[in-house]
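To start, the structure itself, in structure tokens.
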Amino acid sequence: MQVTVIGAGYVGLVQSAGLAHLGHSVRLGETSHDRIDELERGRLPIYEPGLHELFERARANNLISFHADNHAAVEGAEVVFLALPTPPDGDGRADLSIIESVVRDLAASLTPSMILVVKSTVPVGTNARLRTLLDEAGCSASVVSNPEFLSEGSAVDDFLKSERIIIGTEHPSDAEVLRRLYEGLPSKLVFTDPISAELTKYAANAYLATRLTFFNAISNLSEEVGADVVEVLRGVGLDRRIGEHFMRPGPGYGGSCFPKDTSAMLTIARDAGYHFPILEAVIQTDRLQRTRIADRIEAIFDGSLEGAVIGFWGAAFKAGTDDTRESPALVIAKELESRGASIRMWDPEAETSEFAMATGPIDVVDEADLLVVATEWPEFLRVDLSEVAKAMRGDTVFDARNLLDPSVVRSAGLTYHCLGRPRI
Ligand code: UGA
């Protein structure tokens with residue numbers, strides 16, 4: 001099938017490579033000439049395991065082409081995916097101006113048989129809004145909702161093995177085209193109406209954010225009452241109704257999705273006249289998690305961080321990605337810096353201009369008083385902690401991801417602090 005993907009961002013790149021892997025011929029539209037140049041030269045603007053290989057294969061099989069002009073990109077397409085950003089506006093609402101202006105502009109080039117598929121996370125009612133825009137432009141191409149559920153760091157696998165693909169359309173013939181498009185994937189196809197499809201995406205992200213925030217609160221409570229959160233979660237997770245996934249204690253959620261989508265969902269509820277206090281509490285509780293960690297670190301320095309040197313392992317918002325958007329590591333580091341500490345960072349993939357970046361895991365703790373483990377990179381488990389102890393001025397490790405083995409840290413002569421385990 002001939003397919004177009006508009007937007008060579010994270011979602012668009014994975015979608016393009018994944019569809020080419022299924023044998024479709026993909027035309028990728030991207031207005032940034034620099035990005036197109038990079039892609040033409042075989043370079044990807046993001047780090048995502050397995051993506052480079054899929055792209056190389058697609059290029060070798062002539063299944064992907066890059067277009068700086070969206071009109072040229074949609075030529076001959078049966079399906080046109082929109083994978084465009086929906087950043088939050090000042091109120092936390094998803095800003096649709098980019099999508100709307102692209103759709104208005106594209107309307108002249110979309111033929112009646114084309115299906116415009118919205119991949120981006122968009123507020124409930126957006127599909128209907130785009131339908132109106134197309135009608136106003138005299139364009140009768142269909143609009144279908146197909147929200148993406150990829151996680152950064154495992155996006156290629158998520159595309160190839162996702163549990164479900166949600167397709168929101170009122171038209172059986174469009175549903176059939178999408179069914180054929182995704183043929184070959186093991187995922188369950190869920191056909192529904194566009195509004196339900198749009199809400200499904202927000203409901204999934206808001207639930208996951210709620211769940212991990214709840215378990216972070218259980219971790220904090222474990223600290224207060226002297227319980228061990230690892231034991232508590234083991235016992236809780238064995239209940240099949242609850243399960244063991246997505247309950248790792250940490251510094252709260254970051255990235256480009258949960259912070260944006262939880263706020264956007266609140267505005268969706270507010271606009272619909274529905275009071276959603278659970279979600280308000282999740283957003284507030286999550287913010288407090290980073291402050292709580294900064295407070296605990298400050299307490300290690302007897303309440304004064306003036307002159308303290310702190311090295312960070314991890315700048316990315318989670319392991320497996322170079323993305324630092326809304327990264328808890330950066331929020332905690334800024335908080336500590338504002339209280340007088342000086343910060344250095346090291347991350348296996350991510351870069352940030354906000355702090356001095358070190359060249360490696362030992363360099364970052366050179367003459368440091370404390371090491372913060374801020375991202376759960378498995379690479380950190382392979383660092384020789386006796387080298388860390390030798391390089392540091394102080395001897396304290398604060399593991400904000402409960403990544404390291406406490407006994408290994410202690411046997412290197414270091415003092416260990418982590419989340420929700422006050423007695424280990
Ligand atoms: C999230 C969802 O998991 C995807 O299903 C969704 O498609 C995507 O948002 C999106 O809307 O585009 P992502 O933001 O890439 O994916 O990352 P997650 O792995 O979900 O992690 C989100 C945050 O939760 C990270 O800061 C992570 O460190 C944190 N987290 C996750 C925890 O603190 N504990 C956990 O147990 C799991």
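In listed order, ligands and their atoms are each counted from 1.
Looking at Arg401 against ligand 1, only its side chain comes within 4.0 Å, counting heavy atoms.
The nearest protein atom to atom 19 (O) of ligand 1, hydrogens excluded, is given as Lys318 NZ, 2.8 Å; this is a heavy-atom distance. Scanning all protein heavy atoms for the shortest distance to atom 10 (C) of ligand 1 gives Cys257 SG, 2.8 Å. At the shortest separation from atom 6 (C) of ligand 1 among protein heavy atoms lies Leu150 O, 3.2 Å.
Between Lys201 and ligand 1, at least one N/O pair is under 3.5 Å apart. Between Glu152 and ligand 1, at least one N/O pair is under 3.5 Å apart. Considering both main-chain and side-chain atoms, Thr121 never comes within under 3.5 Å of ligand 1 through any nitrogen or oxygen pair. At a 3.5 angstrom cut-off on N or O pairs, Pro328 does not count as close to ligand 1. Close N/O approach between Ser151 and ligand 1 is found [any backbone or side-chain N/O within under 3.5 Å]. Considering both main-chain and side-chain atoms, Met247 comes within under 3.5 Å of ligand 1 through a nitrogen or oxygen pair.
Within the 3.5 Å criterion, the main-chain N or O of Thr359 finds a donor-acceptor partner in the side chain of Asp363. At least one donor-acceptor pair under 3.5 Å links the side chain of Ser327 to the backbone N or O of Ala315.
Comparing Leu208, Val11, Leu212, Asn205 by heavy-atom distance to atom 33 (O) of ligand 1, the nearest is Leu212. Among Phe215, Phe258, Phe317, the residue whose heavy atom lies nearest to atom 1 (C) of ligand 1 is Phe258.
Geometrically, Arg296 does not engage Phe398 in a cation-pi contact, judged by NZ or CZ lying under 6.0 Å from the ring centre and within 45° of the ring axis.
Atom CZ of Arg234 is separated from atom CE of Met247 by 12.5 Å, given to the nearest 0.5 angstrom.
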